[in-house]
Amino acid sequence: MSGVNDIRSTFLDYFQKNGHEVVSSSPLVPRNDPTLMFTNAGMVQFKNVFTGLEKRPYTTATTSQKCVRAGGKHNDLDNVGYTARHLTFFEMLGNFSFGDYFKENAIELAWKLVMEGFDLPKNRLLVTVYSEDEEAATLWKKIAGFSDDKIIRIPTSDNFWQMGDTGPCGPCSEIFIDQGENVWGGPPGSPEEDGDRFLEFWNLVFMQFEQTAPGERSLLPRPSIDTGMGLERMACVLQGKQSVFDTDLFRTLIGTIEDVMGVKAEGSASHRVIADHLRSSAFLIADGVLPSNEGRGYVLRRIMRRAMRHAQLLGAKEPLMYKLLPTLVQEMGRAYPELVRAEALTSETLKLEETRFRKTLERGLSLLSDATSTLDKGDMLDGETAFKLYDTYGFPLDLTQDALRARDIHVDIAGFTDAMERQKAEARSHWAGSGDKATETIWFELKEKFGATEFLGYDTETAEGVIQ
Ligand code: ATP
Ligand code: MG
Ligand code: MG
Ligand code: MG
């Protein structure tokens, strides 16, 4: 009962039996929602139902939602490979009430599934509540019989969930499992909370408000429920592993990387990053995103290039990612037929991107290694070099940061932005132009959007525009 397919159906069947409509996952690119880079939670497709703008023929629903957290408010790109629990692509299981049941029922439903459906050991569980939400603490005592020390009151935004800068929001309560003393970390709210000992696997959000603008909140028409359980994290718990990368699906992907590269994983972040980024790249392409120099396409390009640098670290002499794709499609294609439909396109896209980037990757890395040869732990790489890597060699800023992470060297971001601004200003001053202001503006907008040099057609986007 611990493979992802079983966990998914246990969850959906349980909520269906409890009267919820089973609704399919929406695509990773939110429909008609420019406020959001990618679908980052199960509630995204129901945003307008919560606010009352849209009516559905049901008032409760359950889903398994594809999510990507690689930009915007919830960005886990920098965590992947370095924590045991973060992926850029993951599936979120959820149950929703649109003005139907509220807090008490939500906690009851969740608790019953955790105890009876998944059979988790109660003595290893604990919950957090928002510190102003005494009602939730009382309900946990009543329903689960938790003593006070198992209910942790958190005063920060960690327990006030928001989809983005605007949208439905509310206090939340998260369920954690203690993975044992031999794993480093402390309970939520403690200084060691970022460790992996206490794993959050389910978040129950008590939706009550809509954030309409910064500092402005209105009440939702009716109190509602939105929950999210990470499927891969649940697999980790049920398979008795301490890291999502040790679950069966990731073991298979990592095994393929080991076979193709002839390099054992042995705890290296590179195998984990490549396996995760392969999933997010393939699912994004299957949902219509293609690598480009701006917006969503640039986030995809950044993900792909990060993976390619890690492939390079493993000694790849030719494109790697497309060779891993068949394993992914074999593992996940049944649950997600779009992966199968897009397989040829995805394979071509991965191969083309990697072929092109490899031309400059090696040269960029050798420039980087020269520029940092005299730097020590805690030092800073100058912004000028980071910009050159970006502009001439196609290194997204976060790739450079990731490359220096193991040596604890940071990048001078202000210097990077300055260098970019200077280049833009210079380009403008050299522009002879027609003297026609309108044409000039359009020319620069196009140049900034699509990149001026045909070197590899890389971006001249502003850092603010692409690093969210
Ligand atoms: P964390 O604190 O571990 O970063 P979160 O509080 O940001 O998680 P939520 O926004 O509450 O996560 O999302 C609901 C659930 O989705 C989480 O309880 C977790 O099980 C799962 N989840 C969130 N982010 C990730 C991720 N990057 N990879 C895998 N699962 C995730
Ligand atoms: Mg998070
Ligand atoms: Mg959390
Ligand atoms: Mg959470």
Side-chain angles (χ1 to χ4, degrees), residues 4 8 12 23-49 61-77 79-80 86-94 96 162-165 167-168 226 228-233 244 249 253 273 275-307 321 324-325 328-329 331-350 353 396 398 466-468:
V4 286
R8 197 189 293 116
L12 297 175
V23 178
S24 316
S25 173
S26 65
L28 284 168
V29 177
R31 292 190 187 100
N32 306 324
D33 193 344
T35 69
L36 202 60
M37 181 70 83
F38 299 119
T39 300
N40 58 13
M43 57 73 64
V44 168
Q45 67 165 317
F46 301 117
K47 180 178 157 182
N48 291 339
V49 188
T62 183
T63 61
S64 173
Q65 174 67 50
K66 303 183 276 189
C67 294
V68 166
R69 292 193 171 182
K73 194 167 198 71
H74 297 273
N75 184 356
D76 288 326
L77 196 53
N79 288 325
V80 173
H86 288 107
L87 301 163
T88 53
F89 171 88
F90 63 98
E91 284 180 70
M92 195 186 285
L93 301 164
F96 308 91
Q162 292 183 276
M163 179 191 90
D165 292 332
D226 151 37
M229 172 193 279
L231 175 61
E232 296 80 357
R233 290 193 190 178
V244 291
L249 167 68
L253 289 175
V273 171
D276 169 78
H277 289 13
L278 172 72
R279 290 209 320 162
S280 42
S281 302
F283 273 92
L284 284 170
I285 295 168
D287 276 354
V289 182
L290 287 172
S292 76
N293 290 331
E294 59 155 10
R296 296 185 172 109
Y298 191 61
V299 177
L300 170 60
R301 178 163 276 171
R302 282 163 54 203
I303 295 172
M304 291 167 77
R305 290 190 178 173
R306 271 173 95 109
M321 301 287 279
L324 310 173
L325 184 65
L328 177 70
V329 175
E331 292 293 313
M332 297 194 73
R334 225 177 5 176
Y336 291 98
E338 65 268 39
L339 273 189
V340 182
R341 282 197 297 272
E343 186 170 2
L345 171 71
T346 309
S347 186
E348 272 310 302
T349 308
L350 289 170
E353 271 288 297
D398 66 283
V466 293
I467 299 153
Q468 298 219 18

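- Distance check, rounded to the nearest 0.5 Å: CZ of R306 to CG of D398 gives 4.5 Å.
- Contact check for I303 versus L284: side-chain heavy atoms found under the 4.5 Å cut-off.
- Note that SG of C67 and CG of L87 are 11.0 Å apart. Values are rounded to the nearest 0.5 Å.
- Contact detail for N40 and M92: the closest heavy-atom pair is O-CE, 3.8 Å.
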**Study point:** Stepwise side chain to side chain contact (heavy atoms under 4.5 Å, CB included) check, L36 with V44
**Key:** CA-CA 9 Å; L36 202 60; V44 168; 3.6 Å; yes
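- The shortest heavy-atom contact between E343 and L325 is O-CD2, 3.6 Å.
- Formation of a donor-acceptor pair under 3.5 Å by the T88 side chain with backbone atoms of A70 is not found in this model.
- When side chains are defined from C-beta on, L324 does not count as touching L253, because their heavy atoms never get closer than 4.5 Å.
- Proximity of R69 to F90: side-chain heavy atoms (C-beta onward) are separated by under 4.5 Å at one or more points.
- Considering CG of L12 and OG1 of T63, their distance stands at 7.5 Å, rounded to 0.5 Å.
- In this structure, M37 and R296 approach most closely via the heavy-atom pair O-NE, 2.5 Å.
- A donor-acceptor pair under 3.5 Å is absent between the side-chain atoms of H74 and the main chain of G164, judged by distance alone.
- Across all non-hydrogen atoms, the minimal contact from R279 to F89 is NH2-O, 3.1 Å.
- Atom CZ of residue F283 and atom CG of residue L278 lie 9.5 Å apart, to the nearest 0.5 angstrom.
- By the 4.5 Å heavy-atom criterion applied to side chains, M304 and H277 are not counted as neighbours.
- We find the OG1-CD1 distance between T349 and I285 to be 4.5 Å, quoted to the nearest 0.5 Å.
- Taking the six-membered ring where tryptophan is involved, the planes of F46 and F96 are tilted, since the angle between them lies from 30° to 60°.
- Rounded to the nearest 0.5 angstrom, K47 NZ and M163 CE are separated by 4.0 Å.
- The minimum heavy-atom distance between T62 and G94, with the atom names listed, is OG1-O, 2.9 Å.
- Judged purely by atom type and a 3.5 angstrom limit, E232 uses its side chain to pair as donor or acceptor with the backbone of E91.
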Exercise for review: Kindly determine whether M332 and L249 satisfy side chain to side chain contact (heavy atoms under 4.5 Å, CB included), including the steps that lead there.
Suggested key: CA-CA 9 Å; M332 297 194 73; L249 167 68; 4.0 Å; yes
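- T39 contributes a side-chain N or O that, together with a main-chain N or O of P27, makes up a donor-acceptor pair within less than 3.5 Å.
- Between K66 and D287 the shortest side-chain heavy-atom distance falls below 4.5 Å.
- Between the side chain of Q65 and the backbone N or O of S26 there is at least one donor-acceptor pair closer than 3.5 Å.
- Between P396 and R302, the shortest heavy-atom distance links the atoms CB-CG, 3.5 Å.
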